[in-house]
Each structure stands twice: as C-alpha cells, then as structure tokens.
2 protein chains.
Amino acid sequence: MARGAFREQVLKVREDAIIASVNRLLAEKGFDLMTVDEVAADVGIAKASLYKHFASKEALAAAAMVRVLRKAADIVEAQPAAAPAIDKLKAVTRWALDVQLAGEMPTLPSQNSSLRAELLGSAAYTDLLTHVSDQLGAWIVKAQADGDIDPSLPPELVLFTLFSRACDPVPGFLKAGGRYTDAQIVEMVMGTCFDGLRRRPEQAS
Amino acid sequence: MARGAFREQVLKVREDAIIASVNRLLAEKGFDLMTVDEVAADVGIAKASLYKHFASKEALAAAAMVRVLRKAADIVEAQPAAAPAIDKLKAVTRWALDVQLAGEMPTLPSQNSSLRAELLGSAAYTDLLTHVSDQLGAWIVKAQADGDIDPSLPPELVLFTLFSRACDPVPGFLKAGGRYTDAQIVEMVMGTCFDGLRRRPEQAS
DNA sequence: GTCTATAAATCGATAGAC
DNA sequence: GTCTATCGATTTATAGAC
C-alpha cells in the first residue's frame, strides 16, 4: 500500500495548497467577492481540476473554515489545564487577533443561505464548532466563578462577544492607519474587549 | 413654480421609498447579495425606472448610507450640550444598537473596491462621515478628560470601536436566540462595550 | 487528474416604445 | 418617467479530450 499512501500524500498536499489559497482569499475579499477562477489561478491549476477536489464553491469555503476551527481547537487544547480560566480565554482571543492581523482569518457572511446550509450540513464543521464552543463556555463559567468575568453576564453573551472579536474590523482599521505595531493593536483591542472603554482604578496587566 | 415644486415633491417621495427599500435590503442581505431586480420588485417599479433615479447599484447603496449618516448626525445634534460627554456617546451608541436590532442598519463590506470608490467620491457621504466623526471625537477627548473613558486609549481606537459596535453581529445572535428582549440586548451590549467583560467593584448604572 | 472549451444561470445596465 | 425586452459581462459548474 506504499504507492497508494504516497498518492494520498500528494493529493493531501495539493488539497492543503488549495485550502490555503481559499483561506487567504476568503480573508482578503470575503466569500461573495472570491471567485473560483481566482482560486484556481492562485493555486496554479485549472478550474475543472478544482472541482475534482471540492464539489462547490461553498465546499471550498467550508474546508477553509474547518481548517481554522481545527487550528482553534489545537490552541484550546494547548492551554495548560492548571492555568486560570481567564488566562486561557485571553490566550485564545490573542491567537484569533494574531491570525486576523496576519490576514489569515477567513470571514463568512452570516447572511448567505447557501453557505449556511453547506456549513451546517458538514459534520466536520458543526462538530468542531460545538467542541470549541463547549470548551470556551466551560472556561467562561469558571472565570465567572473565579470573579474574573462579570457573573451577571450570560455566558452566551461572553462567547458571542469573543467570537465576534475574532472577526472585528477594528484591528484592520488600526493597522491601515499605520500608527501602531501588530502587537500594540492586539493589546489595545484585548483591553477594550475585556476591560471596556471605561477608566478603571486598577489597570489590568 | 408651484407645479415644478409639486413634481419635485413626488419625485422625492418616490426616491425616499427607493432608499428605504435599499436600506432594509442592505441590512438584511448586504451589498453583494442584494440585487437591483430585488430592489425594483420591492419598490414596485421596473428596474429601468430605478436607473432613472440612481446611476448604479453603488449609487443606491451610497444613498442609503447618506440617509443613515444624516440620521446619525441628527441624533448627535439632538444631544444637550450641557450633558456629560460620556452620556452623549452612550446615547448615540444606544441609538445605533436600536437601529441595528430593528434590522435597519445598512452594512457595507469594507472590501468591495467599486463601492468604496463610489462612497469616497460622494461629498455628501464623506462630509457627513467627517462631521459625525469630528463630533464624536471631541466627545471622546472630553470624556477622557472627565475620567469617564480610559485616557490611555487613543481616541481613534475608541471611535473605531463605537462605529464597529453599530455593525456588530452580537446583537443579532442574541436576538436570534430569542431569550432576551431588544432592550435587554442593548443594555448588555452597552455594558460589554463600555465596561468590558471583566468584573468590576462598582457596576455602572 | 489535468487541461480546454463551453454550457447554464445570474446580474448590472440599457434600448426603445409609449 | 415608466414599461418590456434584451444586451453584455461575469461566474459557477461541467463535458470531453488527453
């Protein structure tokens, strides 16, 4: 089976290259403005060849989303179990902001129905999303019990807020302004997310 | 000139109806998924008639953006001059969240270049945007001097953050969940925006 | 599996009659 | 100005040769 395994390896490498292109184009232009011709040109193969690997444009986007979710799950998994929940939440949020500032966070319009159907129909996607959400949700409840997150906030509000920060346009605006480094932008946005805009007596480190 | 004035009135009413439809469809599906056929059908006129009023799809979107910006400028103007700057900022933010929850906040993709060109080429749009930004910017600096907003935050970060909250997907997610009233959602999101997720000793009213 | 070529559908925009 | 009908361009997806 060595030859078969090798063939599969080659196939997987090619598909990885495709997904990488899709990921980048999705982050750059969004789903609607990304064309399949563009993806094919970026990968360096013919469009018809693309359709041998993925059944549709929606399937391409779904594969990119699964990849980023898998990476997110890895980051979640990599957090030391003994660390405070708030630190783990902040670490994952920082990672998402880093990815976004690197121009590698694929963003999908929540309005597109054909895309929504494809995503919700993909077990690989929904399972990963559930897994990550459950982990973050547990940390949120823990952080609230620890007194590090306002216990009066519904956990789902906190979860949605963190997810939204991963796609927030603010880092991109600040980066376009050119006055701050990526690291500074991440810290500023982390501050407005967890500490708000209001002045506080004791500033978080 | 009475007849001419009357004709202009009729024209204006029709164009208002067009812009109202565009505004709603823009909020519902976004620019790329909104089709001109759809707008024409929603208004109840033929597509060719639409093009007698507006030169392009981009011009339609720009008109909707000008309308919402004009309304925003009105809200800004309506704030009592003597009120604390932080209260004025919160009032405008609340208004934006209300509009968004009502499904009437038109959102434009910042990536679409043809749309960007049309908007930046429209003096009505850029002038209004500058006017609103300047007013909010002055209030932000004042609120920082008053100690109500963290003075270490760059004012542009605060401005971008407030603008982004007006288009944030979080209120829509919470509304879709169906567990909270619109008023509750507005207050919760206002809290995470100004006070952050972190627990604080003295909770804001 | 990869290519060229093209089908099929959609959409923005316009022509021309009234 | 409003309509019907259509153009022209773009885009997703596929057929068929190699």
Side-chain angles (χ1 to χ4, degrees), chain A residues 3-19 21-22 25-26 28-64 108-109 111-119 121, chain B residues 3-19 21-22 25-26 28-64 108-109 111-119 121:
Chain A
R3 175 163 305 192
F6 176 71
R7 283 228 181 109
E8 276 181 21
Q9 279 281 12
V10 171
L11 199 76
K12 190 185 175 307
V13 167
R14 168 135 300 176
E15 292 194 349
D16 277 349
I18 294 173
I19 296 176
S21 282
V22 170
L25 289 169
L26 231 39
E28 181 186 330
K29 332 179 60 173
F31 181 77
D32 296 315
L33 265 60
M34 177 188 83
T35 70
V36 178
D37 292 85
E38 214 167 8
V39 175
D42 194 69
V43 178
I45 62 175
K47 180 167 53 170
S49 304
L50 255 190
Y51 278 95
K52 297 285 181 180
H53 292 277
F54 297 93
S56 66
K57 183 185 178 183
E58 284 79 9
L60 281 172
L108 299 185
Q111 305 123 334
N112 192 317
S113 54
S114 69
L115 189 51
R116 269 185 64 90
E118 175 92 17
L119 285 174
Chain B
R3 175 163 306 191
F6 176 71
R7 283 229 181 107
E8 277 180 21
Q9 280 281 13
V10 172
L11 199 74
K12 191 186 175 306
V13 167
R14 166 135 303 177
E15 293 194 347
D16 278 350
I18 294 173
I19 296 176
S21 281
V22 170
L25 288 169
L26 231 40
E28 180 187 329
K29 333 178 61 173
F31 181 77
D32 297 315
L33 265 60
M34 177 188 84
T35 69
V36 178
D37 292 83
E38 212 168 9
V39 176
D42 194 69
V43 179
I45 62 176
K47 180 165 56 168
S49 303
L50 255 189
Y51 278 94
K52 297 286 182 181
H53 293 277
F54 297 92
S56 66
K57 183 185 179 183
E58 283 79 10
L60 281 171
L108 299 184
Q111 306 123 336
N112 191 317
S113 55
S114 70
L115 188 51
R116 269 185 64 91
E118 175 93 16
L119 286 173

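Lettering follows sequence order; numbering is per chain, from 1. Quick caveat: nothing in here was measured; it's all calculated off a predicted structure.
- In this structure, CG in A:Leu33 is found 11.0 Å from CG in A:Leu26, a value given to the nearest 0.5 Å.
- For the pair B:Phe54 CZ and C:dT14 P, the interatomic distance rounds to 15 Å; values are reported in whole Å.
- In terms of phosphate contacts, A:Arg14 brings a side-chain nitrogen or oxygen within less than 4.0 Å of OP1 or OP2 of C:dT2.
- With values rounded to the nearest 0.5 angstrom, B:Leu115 atom CG is found 4.5 Å from B:Phe31 atom CZ.
- The A:Lys57 side chain lies nearest to D:dA13 when the options are C:dA13, C:dT2, D:dA13.
- The distance between atom CD of A:Glu38 and atom C1' of D:dT10, rounded to the nearest whole Å, is 12 Å.
- Closest contact between the side chain of A:Ser49 and the listed nucleotides D:dC3, C:dC3, C:dG12 involves C:dC3.
- Whole-Å rounding puts the B:Leu60 CG to C:dC11 C1' distance at 14 Å.
- Nearest heavy atoms, B:Ala17 versus B:Val43: O-CG2, 4.3 Å.
- Comparing C:dG12, D:dC3, D:dT11 against the side chain of A:Asp37 picks out D:dT11 as the nearest.
- Straight-line distance from the NZ atom of B:Lys52 to the C1' atom of C:dT14: 9 Å, rounded to whole Å.
- The side chain of B:Ala48 lies closest to C:dA15 when the candidates are D:dT2, C:dT2, C:dA15.
- A straight line from CG of B:Leu115 to P of C:dG12 spans 13 Å, rounded to a whole angstrom.
- Considering all non-hydrogen atoms of both residues, A:Gly30 and B:Gln111 come closest at N-NE2, 4.2 Å.
- Put simply, NZ on B:Lys47 is 14 Å from P on D:dT6, counting in whole angstrom units.
- What separates CG of B:Leu33 from P of C:dT10 is a distance of 14 Å, to the nearest Å.
- Atoms CG (A:Leu25) and P (D:dT12) sit 12 Å apart, rounded to a whole Å.
- Between A:Ser56 and B:Leu50, the one whose closest nucleotide on DNA chain D sits nearer the 5' end is B:Leu50.
- For A:Tyr51, taking side-chain heavy atoms from C-beta onward, the closest of the listed nucleotides D:dT2, D:dC3, D:dT12 is D:dT12.
- Across every non-hydrogen atom of A:Asp32 and A:Lys57, the tightest pair is O-NZ, 3.7 Å.
- Closest to the B:Leu11 side chain, of the nucleotides C:dT4, C:dG12, D:dG1, is D:dG1.
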